[in-house]
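Structure first, then comments.
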Amino acid sequence: MSGQSRSTGRIRGTGSRRRKPSTGRRMKTAALWTAAAVVVAGGSGLGYAYVTLNGNLKAVDINAALGTERPDDVDNGSQDVLVLGSDSRSGAHSAYGVDEGAARSDTAMIVHVDKGHTSASVVSVPRDTLVDRPACTSDTTGEQVGAERRAMFNTAYEVGGPACAVKTVEAMSGIRMDHYVEVDFTGFTKVVDELGGVEITTEQAIDDPKSHLHLKPGTHTLGGEQSLGLVRTRKSVGDGSDLGRIQLQQAFVKALMDQAKSVGVFSNPKTLFGLADTATKSVTTDSELASVKKLTAFANGLKGLGSSGVDMVTLPVEYDPADPNRVLPQEEAGREVWAALKQDKPIPASATAKSAGDKGEAGEVVR
């Protein structure tokens with residue numbers, strides 16, 4: 001496959017909708033299968049795990065923040081989850097750059113799990129996508145944030161927090177998000193280390209001083225910090241674009257899923273609890289997921305989902321004629337993507353065939 005429309009797992013790993021109630025900048029979606037899924041530790045018979053893990057969790061009440069003006073809550077057994085990564089550089093995250101006072105969600109993935117929970121479609125939204133951001137209420141100040149045309153997608157989280165990010169995604173897609181999962185820098189590295197690292201094979205050298213990643217061609221087992229470097233790498237691979245970096249992230253997520261299965265996470269209580277403890281300290285969820293019991297039920301529904309059943313695409317975009325550093329959604333192709341998710345169907349290849357996301361070229365670097 002050339003380019004980025006769909007990740008086919010070029011990094012190799014080693015190893016009911018709304019049934020009420022039911023690092024660097026790029027890691028992000030590992031949260032769904034590592035932070036949420038591994039929390040099934042709560043069902044392993046370790047009673048004290050409930051107290052420990054519940055105490056770790058942080059939550060945002062998305063429903064209360066957004067009220068009733070949202071897309072319809074369709075009850076067909078599928079799930080739609082917005083997964084974001086925080087690029088805050090404050091406190092424990094200061095090693096990753098200068099604290100500029102506000103975190104951004106530089107990468108977002110919309111995860112649609114089908115009603116049978118046997119397959120999933122993942123849509124990455126480039127951080128530099130220009131969108132019409134709706135008015136929202138800031139999670140931190142409680143103040144109203146005005147709507148803005150041609151706003152960078154990642155500013156929604158910056159100005160209004162998780163609820164504003166969810167509202168922006170719902171406005172773009174017309175799809176109600178069932179859940180929200182956010183993960184931070186240090187959490188990503190610790191989760192990878194708890195799993196014993198992730199094996200990847202590079203087809204050419206990667207030498208990126210900005211992400212501190214230096215790899216020769218060949219097979220490598222990456223620890224947490226190196227994995228973070230990989231998903232932050234941009235300038236030294238492909239065409240150096242953010243679209244190329246998304247290719248690396250998508251393939252890495254599949255490898256991470258495979259690694260979680262290969263180490264027997266779900267059959268080893270000690271490994272499972274250690275991973276769940278690390279993960280729950282690193283994530284923020286919507287309030288409907290913010291307990292071990294609820295996360296356990298959610299995770300149990302994902303246990304049968306393997307990397308081969310996950311189709312990863314990038315929102316169809318084109319470069320902005322007025323600014324080559326920004327991209328614009330391809331409206332007709334985007335409608336195809338959102339329609340497929342709404343209908344619980346696979347995303348057609350035609351939807352991404354003409355996207356600038358095909359020009360990242362980083363997909364040929366790591367297999």
Nearest heavy-atom contact between Val198 and Ala255 is CG1-CB, 3.6 Å
Checklist line | Distance-only donor-acceptor check, side chains Glu199 and Thr219, under 3.5 Å | finding: no
Check whether the side chains of Asn325 and Asp128 place a donor and an acceptor atom closer than 3.5 Å, and report yes or no. no
Practice prompt. Check whether any side-chain heavy atom of Glu170 sits under 4.5 Å from a side-chain heavy atom of Ile175, and report yes or no.
Written response: no
Side chain to side chain, Lys281 and Asp277, heavy atoms closer than 4.5 Å:
yes
OG (Ser287) and NE2 (His179) are apart, to the nearest 0.5 Å, by 10.0 Å
Taken in chain and number order and not counting sequence neighbours, the residues that satisfy side chain to side chain contact (heavy atoms under 4.5 Å, CB included) with Ser211 are Asp208, Leu213, Arg232, Thr233
| field | Side-chain heavy-atom pair Tyr180, Leu289 within 4.5 angstrom cut-off | value | no
Nearest heavy-atom contact between Val231 and Gln249 is O-NE2, 3.3 Å
| query | So do Pro162 and Tyr157 actually touch side chain to side chain, heavy atoms under 4.5 Å? | reply | yes
* For residues Met109 and Val123, determine if any side-chain heavy atom of one lies less than 4.5 Å from a side-chain heavy atom of the other. => no
Margin query: Within the structure provided, determine whether Ser227 and Thr189 are in side-chain contact (heavy-atom separation under 4.5 Å).
Written below: no
To the nearest 0.5 Å, atom CG of Asp132 lies from atom CE of Met172 at 10.0 Å
* **Test item: Val310 and Ser119 side chains (from C-beta on) under 4.5 Å apart, heavy atoms** => no
d(Met177 CE, Asp80 CG) to nearest 0.5 Å is 4.5 Å
Taking Asp320 first and then Arg150, would you say they form a salt bridge - that is, a charged N and a carboxylate O separated by under 4.0 Å? yes
Disulfide bond (SG atoms under 2.5 Å apart) pairs touching residues 121-175, sequence neighbours excluded, are Cys136-Cys164
dist His220:NE2 -> Leu215:CG (nearest 0.5 Å) comes out at 4.5 Å
Nearest heavy-atom approach of Val131 to Phe153 is CG2-CA, 4.1 Å
- Are Lys190 and Asp193 ion-paired here, with the side-chain N under 4.0 Å from a carboxylate O? no
Verify side-chain contact (heavy atoms from CB on, under 4.5 Å) between Asn54 and Thr280, making sure each step is shown before the conclusion.
CA-CA 8 Å; Asn54 273 332; Thr280 51; over 6 Å; no
Here the gap from Ser124 atom OG to Arg245 atom CZ, rounded to the nearest 0.5 Å, amounts to 12.0 Å
Whether the Asp311 and Ser121 side chains hold a donor-acceptor pair (N or O, under 3.5 Å, no angle test) is what I'd like checked.
no
Heavy-atom nearest pair, Leu248 first then Leu230, reads CD1-O, 3.6 Å
So the disulfide bond (SG atoms under 2.5 Å apart) pairs with at least one residue in residues 282-357 (sequence neighbours excluded) are none
- Quick check: are there more than 12 heavy atoms from other residues, nucleotides or ligands sitting under 6.0 Å from NZ of Lys345? no
When every non-hydrogen atom of Gly161 is compared with those of Asp139, the smallest separation belongs to C-OD2, 3.4 Å
| Electrostatic pair Asp258:Lys254 at N-O distance under 4.0 angstrom | no
Check your understanding: Hey, is CD on Glu332 packed in by over 12 heavy atoms from elsewhere, all under 6.0 Å?
Key -> no
query: Between Gln144 and Thr137, is any side-chain donor less than 3.5 angstrom from a side-chain acceptor?
result: yes
Correct closest heavy-atom pair for Gly146 and Arg133 would be O-NH2, 3.6 Å
_Side-chain touch Ser355/Glu318, heavy atoms, less than 4.5 angstrom_ = no
When rounded to the nearest 0.5 Å, the distance separating CG of Leu222 from CG of Leu256 is 11.0 Å
